[in-house]
A.B. asks: 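The following block contains the structure, expressed as structure tokens.
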Amino acid sequence: MHPSLLLAFDFDGVLAPIVENPDAARPLPRALRHLNELSTLPGVRVALVSGRRLDDLVRVANPPARALLVGSHGAEFRDPLGDAVVNSAPDEAQAALLAKATAELEAISARHPGTHVEVKPTGVVLHTRRAERPAAAAATQEALDGPAALPGVHLTHGKEVVELSVVSINKGTALRRLRSITGADAVLFVGDDVTDERGFAVLRAQEGDVSVRVGPGETQAQYRVGSPEEVVTMLGLLVDLCGE
Ligand SMILES: O=P(O)(O)OC[C@H]1O[C@H](O[C@H]2O[C@H](CO)[C@@H](O)[C@H](O)[C@H]2O)[C@H](O)[C@@H](O)[C@@H]1O
């Protein structure tokens with residue numbers, strides 16, 4: 001009998017190349033094709049585990065119909081084959097803190113052309129990829145010194161993003177939840193950024209889990225591939241292996 005496998009992938013930088021405009025990110029076509037193939041195999045569940053808002057993830061990723069979806073780093077969660085839906089809405093105090101952090105990031109962004117702010121259900125992000133380097137550096141520093149230091153705010157400093165959350169949910173908690181819902185014997189998780197390191201940290205290599213980092217950077221992952229194009233190659237091998 002086949003073991004049951006959970007194959008979980010971050011989106012940006014893993015299935016989709018990083019681009020300047022987050023709205024323009026799309027999965028590589030062959031990545032999507034392989035994900036669709038994997039999602040129909042017996043004993044396999046595919047999951048997308050993203051920092052994006054769930055509605056945004058669905059819009060840009062066009063995920064397989066059977067895929068488990070995790071948005072906002074785990075604050076939003078959907079299982080199309082079950083009844084597991086989680087939306088960790090902030091409580092009153094967290095909502096007030098989120099409004100304050102958002103107002104401060106928007107003021108910082110207004111001072112630094114090329115930056116923009118993205119609001120999520122439990123967090124807010126300052127994007128700096130499209131700004132001139134001095135403006136990006138200044139805006140980042142102001143965000144770190146200001147709203148990121150507010151009590152109750154959880155900071156993630158990712159790829160050209162300063163992300164502030166008012167809940168302490170992360171991709172590690174998300175992967176634990178996915179493991180428990182699917183009852184998977186082993187988990188594969190592929191990610192490219194600092195937020196994904198929290199996911200790698202909860203995997204159990206000695207029990208058959210596999211972690212893969214895409215691109216450069218310090219990592220706890222067991223393996224590394226160079227780019228989303230190499231992820232496509234890995235997905236093709238997985239289709240062959242899991243389909244046997
Ligand atoms: O943990 P992730 O799922 O990778 O989420 C991290 C952020 O991903 C997106 O931003 C990243 O990709 C953009 C499009 O390629 C790029 O412009 C940006 O610089 C990257 O940081 C997403 O837009 C954010 O909401 C996520 O927090």
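In listed order, ligands and their atoms are each counted from 1. Keep in mind the model is a prediction, meaning the values are calculated, not measured.
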A.B. asks: Hey, quick one: are V194 and I169 part of the same hydrophobic cluster, counting side-chain heavy atoms closer than 4.5 Å, chains of contacts allowed?
C.D. replies: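 No.
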
A.B. asks: Distance only, no hydrogens: is a donor on one side chain within 3.5 Å (strictly under) of an acceptor on the other, for T122 and Q94?
C.D. replies: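 Note: T122 and Q94 side chains miss the donor-acceptor criterion.
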
A.B. asks: Only heavy atoms count here, so choose which of K159, R53, E160 is nearest to atom 21 (O) of ligand 1.
C.D. replies: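 Shortest heavy-atom distance from atom 21 (O) of ligand 1: K159.
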
A.B. asks: Could you verify whether a donor N or O on one side chain and an acceptor N or O on the other, from H127 and E160, lie under 3.5 Å apart?
C.D. replies: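 Not at all, the side chains of H127 and E160 share no donor-acceptor pair under 3.5 Å.
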
A.B. asks: Pairing donors with acceptors under 3.5 angstrom, does anything connect the side chains of T128 and T115?
C.D. replies: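 There is no such pair between these side chains.
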
A.B. asks: Could you tell me the residue and atom name of the protein heavy atom closest to atom 27 (O) of ligand 1, and the distance to it rounded to 0.1 Å?
C.D. replies: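 In this structure, atom 27 (O) of ligand 1 has E163 OE1, 2.8 Å as its nearest protein heavy atom.
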
A.B. asks: How far is atom 8 (O) of ligand 1 from its nearest protein heavy atom, and which residue and atom is that?
C.D. replies: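 That would be D12 OD2, 3.3 Å.
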
A.B. asks: Quick test of your reading of the structure: of R129, R52, E118, R198, whose heavy atom lies closest to atom 25 (O) of ligand 1?
C.D. replies: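 Answer by nearest heavy atom: E118.
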
A.B. asks: Go through the side-chain N and O atoms of E142 and H112 and say whether any donor and acceptor fall under 3.5 Å apart.
C.D. replies: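 Present: a donor and an acceptor within the cut-off.
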
A.B. asks: Starting at CZ of R33, measure out to CG of L28 and round the result to the nearest 0.5 Å.
C.D. replies: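 Rounded to the nearest 0.5 Å, the CZ-CG separation comes out at 11.5 Å.
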
A.B. asks: Checking a contact table here: which protein heavy atom is nearest atom 10 (O) of ligand 1, and how many Å away?
C.D. replies: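 Looking at atom 10 (O) of ligand 1, the protein heavy atom closest to it is H127 CE1, 3.9 Å.
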
A.B. asks: So is G51 polar-close to ligand 1, meaning N/O to N/O under 3.5 Å?
C.D. replies: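 G51 vs ligand 1: N/O contact under 3.5 Å present.
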
A.B. asks: Just jot down the ligand 1 atoms closer than 4.0 angstrom to any heavy atom of V161, in number order.
C.D. replies: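 Result: 21 (O).
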
A.B. asks: Is the shortest N/O to N/O distance between V125 and ligand 1 below 3.5 Å?
C.D. replies: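 No, V125 has no N/O under 3.5 Å of an N/O on ligand 1.
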
A.B. asks: At under 4.0 Å between heavy atoms, which part of D10 makes contact with ligand 1: side chain, backbone, both or neither?
C.D. replies: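 Within the 4.0 Å criterion, D10 contacts ligand 1 through side-chain atoms alone.
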
A.B. asks: Quick one: pull up CG in L15 and CG in L235 and give me the separation to the nearest 0.5 Å.
C.D. replies: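 Taking CG in L15 and CG in L235, the distance rounds to 6.5 Å.
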
A.B. asks: So is R177 actually on top of F77's ring, under 6.0 Å and inside 45° of the axis?
C.D. replies: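 Output yes; distance and angle both within limits.
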
A.B. asks: Report the nearest protein non-hydrogen atom to atom 16 (C) of ligand 1: residue, atom name, distance rounded to 0.1 Å.
C.D. replies: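 For atom 16 (C) of ligand 1, the nearest protein heavy atom comes out as V19 O, 3.4 Å.
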
A.B. asks: Please work out whether any backbone atom (N, CA, C, O) or any side-chain heavy atom from C-beta onward of T195 is under 4.0 Å from ligand 1, and answer side chain, backbone, both or neither.
C.D. replies: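 Within the 4.0 Å criterion, T195 contacts ligand 1 through side-chain atoms alone.
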
A.B. asks: Nearest to atom 26 (C) of ligand 1, what protein heavy atom do you find, and at what distance?
C.D. replies: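 Answer for atom 26 (C) of ligand 1: K120 NZ, 3.6 Å.
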
